[in-house]
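So the structure is just underneath, and the comments pick up after that.
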Amino acid sequence: MFIQLIDGKQLEISEGQSGLDVANQISTSLAKASVAYKLDDKIYDLNYPIPHEGLFTLIKKGDLDSYEVLNHSTSHLMAEAIHNLYPNAKFGFGPSIEEGFYYDVDFGDIKITDADFASIEKEMKKLSSSGNKFVRKVVSKDEAKKLFADNNYKLELIDGIDGEITIYEQGKFYDLCAGPHVEKVSQIQHFKLLSVAGAYWRGDVKNKMLTRIYGTSWWSKEELDKHLKDLEERKLRDHRKLGKDLGLFMLSDYGPGLPFWLPNGYTLRRTLEDFWLDYHRKNGYKVINTPIMLNRQLWETSGHWDHYKEDMFTIECDDGTYAIKPMNCPGAILVYNNELHSYRELPLRYAELGNVHRYEASGALNGLFRVRGFTQDDAHTLLMEEQIGDEVGRIIKIYDYIYSIFGLNYSIELSTRPEGFIGDIETWNKAEEDLKKACLATGHEFKINPGDGAFYGPKLDFKLRDSMNRIWQCGTVQLDMQLPGRFNCEYVAADGSKKTPVMIHRACFGSLERFIAIILESFGGLLPLWLAPVQIKILPVNNNFHLDYAKQLNEKLIELGYRSELDDSNEKLGFRMRNALIKKINYTLVIGDNEVNNNLVTYRRHGNKDQITVSVDEFISLIKEEVETKALPKK
């Protein structure tokens with residue numbers, strides 16, 4: 001059997017050889033640094049026998065995938081500690097998540113709080129020193145049910161498993177798990193329990209509320225300390241706090257999950273929308289707007305009614321049931337079907353800032369991150385199959401530009417066929433391959449996210465990394481070979497026949513509300529000048545002598561299109577300057593005798609103590625260039 005190494009070399013291995021065996025064959029030092037291995041797109045324990053031929057990659061400490069393995073293993077270590085301290089506790093799910101892990105636990109009548117973390121962590125450290133190995137075992141369904149006979153949560157999971165059932169042992173503790181894990185618990189050294197919350201079993205409000213304990217685990221104390229410091233900084237950058245301090249948005253009990261945009265927030269939102277609309281028009285998109293509410297029959301045809309009706313708001317009318325749209329795509333298809341199209345028109349790109357609504361449980365609502373009403377920056381492209389590669393590459397270039405404007409880097413995940421998909425497997429396989437080829441053709445690597453595609457097609461998900469090193473799911477490119485056929489979409493081909501086009505669903509921001517929350521926290525409230533609701537604050541030193549000049553300057557800046565405000569309150573200059581600092585104003589202008597007598601301005605850029613005096617024209621040239629280039633804030 002042969003495996004391919006990342007340098008392109010082929011390595012012959014014997015049946016039964018593990019990833020660790022191969023690592024030692026390559027380099028002893030490499031073997032010591034490795035914690036798992038990846039074969040094609042799946043991660044395995046280091047000691048797991050290599051199951052088949054494919055692309056072999058060792059996962060070393062510090063590699064992105066290594067943290068997923070470490071955190072998953074730490075969730076098991078925490079479960080063992082909890083089992084020792086609370087023998088009657090029952091365990092649900094315990095996965096790794098971005099930057100950490102959690103475990104859902106039924107503690108019965110015992111209430112767990114942050115105060116209990118110290119004793120759990122102490123027990124985890126004690127167990128870590130044991131050096132027990134994580135041992136993977138395959139068991140039958142009957143054996144698994146005997147092992148977890150007193151845990152109704154695990155029994156429910158076991159009943160839902162059709163394939164191989166595995167457990168992992170560490171000393172006397174065992175857990176139902178597919179893996180992978182690190183080799184020994186002693187590799188788990190630098191961890192911290194962070195918070196506790198309630199979570200319904202399997203996310204269903206009809207089920208029992210379990211206790212979810214969050215934690216994080218890292219390879220070194222330095223990494224852990226830095227992460228904990230970042231978490232403290234993130235609290236200060238909470239978009240809900242910034243939204244209130246900067247007067248951007250509000251929430252009301254009269255409409256949970258439905259944000260109200262205040263004047264400054266609307267200015268920010270509208271500026272972002274105008275940028276998006278202008279850029280898309282310049283890149284060949286036709287901007288449309290479709291109704292917010294449509295008849296149930298439409299959603300039945302699209303498949304949303306069967307797959308999504310529990311998350312839709314519905315209204316009973318004289319002529320039937322209507323649903324407030326949770327997605328924009330069926331509306332775009334109706335626009336396409338409004339007239340006959342030729343292959344010469346394709347790709348035909350429709351762009352829409354569509355307001356959609358989805359029912360979210362009240363406990364899941366979170367500022368602008370999780371709302372019930374939001375605006376999707378959607379685009380739906382109808383095209384021929386042979387155009388898929390070029391069009392996806394074109395979309396990725398658009399994303400490259402837009403994300404760079406906000407200083408955001410990204411990685412790509414390819415989400416494949418889920419359970420409950422519509423269409424045939426052959427069509428799905430082809431669609432997934434088309435996305436892979438298009439992605440690679442643009443020079444972008446991707447990670448496989450199995451089973452997480454939309455019900456109508458596979459997708460590319462764009463994971464953004466912000467200034468606080470957090471990962472956000474925003475952009476998506478979804479390939480759909482199902483929906484156009486359901487709506488009888490056609491185009492006239494070159495030979496005169498009628499064919500069904502393919503549809504690409506794509507959103508760059510994802511949700512306008514969520515994206516605004518992300519950039520607010522990423523920039524710490526200090527937005528780029530072109531996007532800032534208030535760009536300039538003018539402060540006359542003395543209203544008796546400097547106010548007229550300050551007013552004239554403010555009016556001139558407003559006439560030129562800048563968002564300038566005059567603070568002529570009777571507060572002391574120092575107080576007004578501090579207020580401008582708190583409000584994250586990009587430029588504060590101080591107007592005194594020298595400025596009035598010589599037609600000058602003295603400005604201070606936010607975050608910079610230097611005060612610089614220039615002519616009015618020089619200052620206007622400075623901000624003009626900063627706005628036009630959409631420069632990022634200088635630190």
Hey, is [X] close enough to [Y] for a salt bridge, meaning N to O under 4.0 Å?
{"X": "Asp159", "Y": "Lys141", "value": "no"}
{"X": "Asp142", "Y": "Lys146", "value": "no"}
{"X": "Glu232", "Y": "Lys229", "value": "no"}
{"X": "Glu433", "Y": "Lys436", "value": "yes"}
{"X": "Asp238", "Y": "Arg234", "value": "no"}
{"X": "Glu164", "Y": "Lys137", "value": "no"}
{"X": "Glu233", "Y": "Arg237", "value": "yes"}
{"X": "Glu156", "Y": "Arg202", "value": "yes"}
{"X": "Arg370", "Y": "Glu360", "value": "yes"}
{"X": "Lys459", "Y": "Asp461", "value": "yes"}

Does the ring centre of [Y] sit less than 6.0 Å away from the ring centre of [X]?
{"X": "Trp218", "Y": "His227", "result": "yes"}
{"X": "Phe107", "Y": "Tyr86", "result": "yes"}
{"X": "Tyr322", "Y": "Trp299", "result": "no"}
{"X": "Tyr37", "Y": "Phe56", "result": "yes"}
{"X": "Phe249", "Y": "Phe260", "result": "no"}
{"X": "Phe374", "Y": "His357", "result": "no"}
{"X": "Phe173", "Y": "His83", "result": "yes"}
{"X": "His76", "Y": "Phe91", "result": "no"}

Check your understanding: So among Asp65, Asp45, Asp63, which one has a salt bridge (Lys or Arg N to Asp or Glu O under 4.0 Å) with Lys38?
Key ->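 Filter result, single survivor: Asp65.
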
Point to revise | Backbone N/O of Pro326 and side chain of Arg358: donor-acceptor pair under 3.5 Å | key: yes

**Study point:** Selection residues 137-163 - residue pairs positive for ring-ring contact (aromatic ring centres under 6.0 Å, His included), sequence neighbours left out
**Key:** Phe148-Tyr174, Tyr153-Trp201

Practice item. Quick one: closest heavy-atom pair of Glu68 and Lys447, and the distance? Key: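 Closest pair (atom of Glu68, atom of Lys447, distance): OE1-NZ, 3.5 Å.
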
Exercise for review: Report the residue from Phe101, Phe134, Tyr44 that forms a ring pair (Phe, Tyr, Trp, His ring centres under 6.0 Å) with His181.
Suggested key: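 It is Phe134, the one option of Phe101, Phe134, Tyr44 that forms the ring pair (Phe, Tyr, Trp, His ring centres under 6.0 Å) with His181.
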
